[in-house]
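Working notes, structure below.
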Amino acid sequence: MLQTHYQVLRPLTTAHLAQTMTLLSLTAEELRQQIDSELAANPALELIEERRCPNCGRPLPPRGPCPICSRPVSLDPDEPIVFISPREDFYTGSGMSQEDYPEDNTSPATEDLPAFVLRQIAPELEKPDRLLAAYILTHLDEDGFLTTTLAEVARYHHVPLSQVEAILHLIQRAEPVGVGSANPQEALLVQLEVLSETVTVPALAEQAIREGMDLLSRHQYSDLAHLLKINLRQAQEIARFIGDNLNPFPARSHWGDARAHSSPAFQVYNHPDILISRLNDRPENPLVVEIIMPLAGTLRVNPLFRQAIHQASNEKVDDWKSDLDRASLFVKCLQQRNHTMQRLMQRIASLQAQFILYGEKQLIPLTRAQLAEELEVHESTISRAVSNKAVQLPNGRIVPLSMFFDRSLNVRTFLRNIIDMETRPLSDMELVSMLAEKGFSVARRTVAKYRAMEGILPAHLRHHHAMAHA
DNA sequence: CTATGGCACGGATT
DNA sequence: AATCCGTGCCATAG
């Protein structure tokens, strides 16, 4: 069913293997950078124009017909359609400029973020610094994060790094506070610092963000408590403070359209690397899985370059030849990455279709090792492919791809459910038997841990707030 | 005495 | 080889 036009599916050389592995573990965003630099460095590589399906207007995968329109009618409706989807528009890569901010969108503050910020800080800057600030501000994504590095800016403008740092310092402290940070963590730290000038903040909040960022975003409060050497309740208080007062995405216009459950829910999500939706949004249709290729068009070895090599002068010919080899290697590796991702997602989407459609209760336990065996690849291949990637589910939630391998998520969801519906606070022991009825055998101690993970207080501290459901 | 969190151990997973 | 996760044991709080 996968029409793969290339002969080589098995790495031929160690170079091939190494590069494929590297590419596999990159997110779409990182892949974009990799491709950009490769394209810039190698004249033998060529980007050919994007093809769109004449029928539905979608960008087409590198080869073959439109995966949606040309789908055989007889196709098994339970089998997801998986394909590589070139969508440059998802990324505000290197060439982004002001008009990327839509005018008609939301508050006046976001109508033109760079100008808005620049206005605030311009009075404090000399003219050359103002230019530098403007330059930095054009390298923000829609969450207000830097899409470049300070070192790069400094190099580009031939100024000392310290100067750039000073300007960024100003930018970050302008509204929206934290804008221009490299990542959510940095943004939170800046916000915390600014906040601490006016109000008192929890003593360990900074350490929590600095060292426990991932625990925080995954609601693993017990582990956070452990890390900070405090008790669970204090950890939850800190998390709550952070969730209430700080915003990991300072410039995000609508942040949290798919909010999670109870507590201060914030999740660190980047752009999705994979999109899952339902064909035409019709419930009876199969799932559509798009693996994002952050590129408008297709990469290939430039045939003209290949011809020209015969006329190359003798001293150049070796260089050209190596360019050619590199280019074709790169293209091959890219194809291999896509092929692996496609097979992987095909299998995952098929196995976890119920989860994708009906939620966390339906998640079936799945290990990377198991999948590796089925797909006949090495375990580490699956690991690389899964790590650092984000998936957008049909309901709009963006979750890490690793969630498909979460061994206990379904149990925890049931647990949450039981506690939501309880009429009197149930002890962990009672919860164990409730779960047993649902077919989960877990130890008492484990229930306690799951509770903590979900940020649910122990029985004697739970009261009844039967209402409060949206 | 009961309920729960800390710590640590071992097996599974990455 | 390193890390994660479920579990048992024990101390402590109520």
Side-chain angles (χ1 to χ4, degrees), chain A residues 17-18 20-22 24-27 204 208 211-239 263 340-341 344 347-348 351-352 360 363-391 399-416 418-419 422-436 438-464:
Chain A
L17 184 71
T20 303
M21 285 302 166
T22 316
L24 195 59
S25 60
L26 297 183
T27 67
L204 292 171
E211 296 168 21
M213 184 66 185
D214 49 348
L215 299 177
L216 220 43
S217 58
R218 277 182 278 148
H219 309 289
Q220 290 170 346
Y221 303 136
S222 58
D223 295 349
L224 181 68
H226 187 224
L227 177 76
L228 300 178
K229 300 187 176 54
I230 56 179
N231 67 37
L232 180 67
R233 214 177 325 164
Q234 290 169 311
Q236 283 170 335
E237 252 169 54
I238 289 177
S263 43
T340 307
M341 286 302 295
L344 175 72
R347 195 72 192 120
I348 290 182
L351 285 169
Q352 300 285 26
E360 299 172 0
L363 189 75
I364 61 172
L366 181 67
T367 70
R368 294 160 173 78
Q370 181 186 333
L371 218 51
E373 194 183 344
E374 287 185 31
L375 298 182
E376 298 177 300
V377 296
H378 197 273
E379 297 174 4
S380 70
T381 306
I382 305 286
S383 275
R384 289 168 189 279
V386 166
S387 61
N388 299 321
K389 301 224 171 48
V391 184
V399 302
L401 183 54
S402 58
M403 184 180 282
F404 287 79
F405 297 88
D406 190 316
R407 264 178 289 167
S408 59
L409 186 60
N410 51 357
V411 194
R412 296 204 309 271
T413 309
F414 273 103
L415 183 68
R416 238 188 289 135
I418 292 170
I419 293 176
E422 75 189 357
T423 54
R424 112 194 110 83
L426 299 170
S427 73
D428 287 350
M429 208 46 189
E430 289 167 312
L431 290 171
V432 169
S433 45
M434 298 285 286
L435 284 172
K438 303 251 181 197
F440 298 107
S441 80
V442 285
R444 187 233 102 215
R445 191 63 191 77
T446 308
V447 169
K449 289 229 158 158
Y450 288 171
R451 254 196 317 99
M453 277 190 196
E454 299 294 327
I456 300 171
L457 292 171
H460 62 278
L461 294 176
R462 289 203 300 274
H463 300 300
H464 278 125

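Numbered from 1 within each chain, the chains take letters A, B, ... in sequence-line order.
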State, yes or no, whether a side-chain contact exists between [X] and [Y] at a heavy-atom distance under 4.5 Å.
X        : Y        : value
A/Leu371 : A/Leu351 : yes
A/Val391 : A/Phe404 : yes
A/Asp428 : A/Val432 : no
A/Asp406 : A/Ser408 : yes

Within this structure, what is the [atom1]-to-[atom2] distance between [X] and [N], rounded to whole angstrom?
X        : N      : atom1 : atom2 : answer
A/His460 : C/dT12 : NE2   : C1'   : 12 Å
A/Phe405 : B/dA12 : CZ    : C1'   : 16 Å
A/Leu409 : C/dG6  : CG    : C1'   : 16 Å
A/Lys449 : B/dC7  : NZ    : P     : 10 Å
A/Arg412 : C/dC4  : CZ    : C1'   : 13 Å
A/Asp406 : C/dG6  : CG    : C1'   : 13 Å
A/Glu430 : B/dT2  : CD    : P     : 13 Å
A/Leu426 : B/dT2  : CG    : P     : 18 Å

What's the closest nucleotide to the [X] side chain, out of [options]?
X        : options              : value
A/Ser427 : C/dG6, B/dT4, B/dT14 : B/dT4
A/Asp428 : C/dG6, B/dG5, B/dT14 : B/dG5
A/Arg444 : B/dT14, B/dT4, C/dG6 : B/dT4
A/Met453 : B/dT14, B/dT4, C/dG6 : C/dG6
A/Arg407 : B/dG5, C/dT7, B/dT13 : B/dT13

Between B/dG6 and A/Arg445, counting only base atoms on the nucleotide and side-chain atoms on the residue, is there a donor-acceptor pair under 3.5 Å?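 Yes.
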
Distance criterion of 3.5 Å, no angle test: do you see the side chain of A/Arg451 paired donor-to-acceptor with the base of B/dG5?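 Answer no: no donor N or O sits under 3.5 Å from an acceptor.
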
Is the phosphate of C/dG6, meaning OP1 or OP2, less than 4.0 Å from a side-chain N or O of A/Tyr450?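 Yes, within the criterion.
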
Less than 4.0 angstrom between a side-chain N/O of A/Arg368 and OP1 or OP2 of B/dT13, yes or no?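 No, no such contact exists.
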
By the 4.0 Å heavy-atom rule, please label A/Thr446 as base, sugar-phosphate, or nothing.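 Base, at least one base heavy atom under 4.0 Å.
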
Base, sugar-phosphate alone, or nothing: which one does A/Ser408 contact when heavy atoms must sit under 4.0 Å apart?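 The residue A/Ser408 makes sugar-phosphate contact but no base contact.
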
Out of curiosity, A/Arg368 CZ to A/His378 NE2, how far, rounded to the nearest 0.5 Å?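 The distance works out to 14.5 Å.
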
